[in-house]
Amino acid sequence: MRPEKKSIIEELKKKLKESGFVFLTDYRGLTVAQVLDLRNRLKGQKSQFNVVKNSFLAFASKEEGDAGNLSGIMEGPTAIVTGNGDPSGVAKVLVSYSRENERPVIKGGVLMGRTLTAADVVEMSMIPPREVLLAKFVYVVASPLSGLAGVMRQKLSSLLYALKAVEKKKG
């Protein structure tokens with residue numbers, strides 16, 4: 001294998017290893033301006049859109065553990081979306097862009113070692129952002145505690161009223 005090809009495969013391996021997720025799309029029909037627009041939108045989600053040759057991706061993904069599950073969804077021209085941002089946010093961008101422009105066609109992906117279908121990526125795009133989920137979690141955890149604090153405050157107030165009444169009666 002030529003050195004240029006080896007360096008491309010090594011770069012792909014590095015991207016697959018460092019990325020928290022990998023989404024595959026069919027980029028056919030996208031104009032250069034649309035690709036640039038999609039890349040800019042994905043940049044806001046800390047991710048990248050790269051067109052890759054399937055044979056290079058196959059070599060790179062074979063040697064990477066989690067990303068090795070890509071072989072079943074690499075058919076036709078392929079572009080990968082990789083990054084370390086919020087996977088549901090990236091899925092939202094891909095799905096909304098795909099709906100607006102009817103392209104790119106989402107093929108699937110890999111997240112934490114699990115192979116995702118195109119339908120899984122669409123479902124993932126419906127998950128609220130991470131910040132909203134964290135806020136809901138904090139509310140669920142804090143709600144009983146604040147209720148308990150209110151009950152304890154009420155009991156303390158009742159005890160104080162009772163003591164005041166006794167003091168008044170004896171005073």
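Remember, predicted model here, so these are calculated numbers, not experimental data.
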Answer yes or no: is there a donor N or O on one side and an acceptor on the other, between the side chain of Thr78 and the main chain of Met74, under 3.5 Å? no
For Arg39 and Asn50 the tightest heavy-atom approach is NH2-CA, 4.3 Å
Side chain Arg103, main chain Arg28, donor-acceptor under 3.5 Å: yes
Do side-chain atoms of Lys92 reach the backbone of Ser125 as a donor and acceptor pair under 3.5 angstrom? yes
In terms of hydrophobic clusters joined by side-chain contacts under 4.5 Å, are Val105 and Val22 together? no
Check: Leu94 main-chain N/O paired with Ser98 side-chain donor or acceptor under 3.5 Å: no
What pairs with Phe21 under ring-ring contact (aromatic ring centres under 6.0 Å, His included), at least two apart in sequence or on another chain? Phe23
Quick one: do Leu133 and Met126 end up in the same hydrophobic cluster if we chain Ile, Leu, Val, Met, Phe, Trp and Tyr together by side-chain heavy atoms under 4.5 Å apart? yes
I'd like to know if the side chain of Asn84 and the backbone of Glu18 have a donor-acceptor N/O pair within less than 3.5 Å. yes
Is any side-chain heavy atom of Val90 closer than 4.5 Å to a side-chain heavy atom of Val81? yes
Looking at Arg130, I want to see if its CZ is surrounded by more than 12 non-hydrogen atoms of other residues, nucleotides or ligands under 6.0 Å. no
May I ask you to decide if Gly83's main-chain N or O and Lys46's side chain share a donor-acceptor pair within less than 3.5 Å? no
Under a 4.5 Å side-chain heavy-atom rule over Ile, Leu, Val, Met, Phe, Trp and Tyr, are Leu42 and Leu36 clustered together? no
How long is the straight-line distance from CD of Glu167 back to CG of Leu160, given to the nearest 0.5 Å? 11.0 Å
Tell me whether Lys53 forms a cation-pi arrangement with Phe56, defined as NZ or CZ under 6.0 Å from the six-membered ring centre and within 45 degrees of its axis. yes
Given side chains that start at C-beta, do those of Pro104 and Asp26 come closer than 4.5 Å, heavy atoms only? no
Verify salt bridge (charged side-chain N to carboxylate O under 4.0 Å, His left out) between Glu100 and Arg41, making sure each step is shown before the conclusion. CA-CA 13 Å; Glu100 288 172 20; Arg41 290 185 191 190; 3.2 Å; yes
Rounded to the nearest 0.5 Å, the CD1 atom of Ile8 sits from the CG atom of Leu57 at a distance of 12.5 Å
Kindly write out the residues that satisfy side chain to side chain donor-acceptor pair (under 3.5 Å) with Glu131, not counting sequence neighbours, or none if the list is empty. none
Any link between Met112 and Leu116 through a network of hydrophobic side chains (Ile, Leu, Val, Met, Phe, Trp, Tyr) touching at under 4.5 Å? yes
Would you call Glu11-Lys14 a salt bridge at under 4.0 Å N-O? no
Under the side chain to side chain donor-acceptor pair (under 3.5 Å) test, residues paired with Thr117 that sit two or more places apart: Asp120
One should read off an interatomic distance between Glu10 CD and Lys15 NZ, to the nearest 0.5 angstrom, of 14.0 Å
Which distance, rounded to the nearest 0.5 Å, do you find between the NZ of Lys168 and the CG of Leu163? 13.5 Å
Rounded distance [0.5 Å steps], NZ in Lys17 versus CG in Leu12: 13.5 Å
Residues Pro87 and Leu111: closest non-hydrogen pair is CG-CD1, 3.9 Å
Check whether Ser19 reaches the backbone of Leu16 with its side chain - one donor and one acceptor, N or O, closer than 3.5 Å. no
If every non-hydrogen atom of Ala118 is compared with every non-hydrogen atom of Ile106, which pair is closest and at what distance? CB-O, 3.2 Å
Asp86 and Gln45 have their tightest heavy-atom pair at O-OE1, 4.2 Å
Is there a side-chain contact between Tyr27 and Val35, using heavy atoms and a 4.5 Å cut-off? no
Exercise: identify the closest heavy-atom pair between Ala58 and Ser61: O-OG, 3.3 Å
Sidechain-backbone polar pair: Asn101 side chain, Tyr97 backbone, donor-acceptor under 3.5 Å: yes
When you compare the side chain of Leu38 with that of Gln34, does any pair of heavy atoms fall below 4.5 Å? no
Indicate yes or no: at least one non-hydrogen side-chain atom of Val95 is less than 4.5 angstrom from one of Met124. no
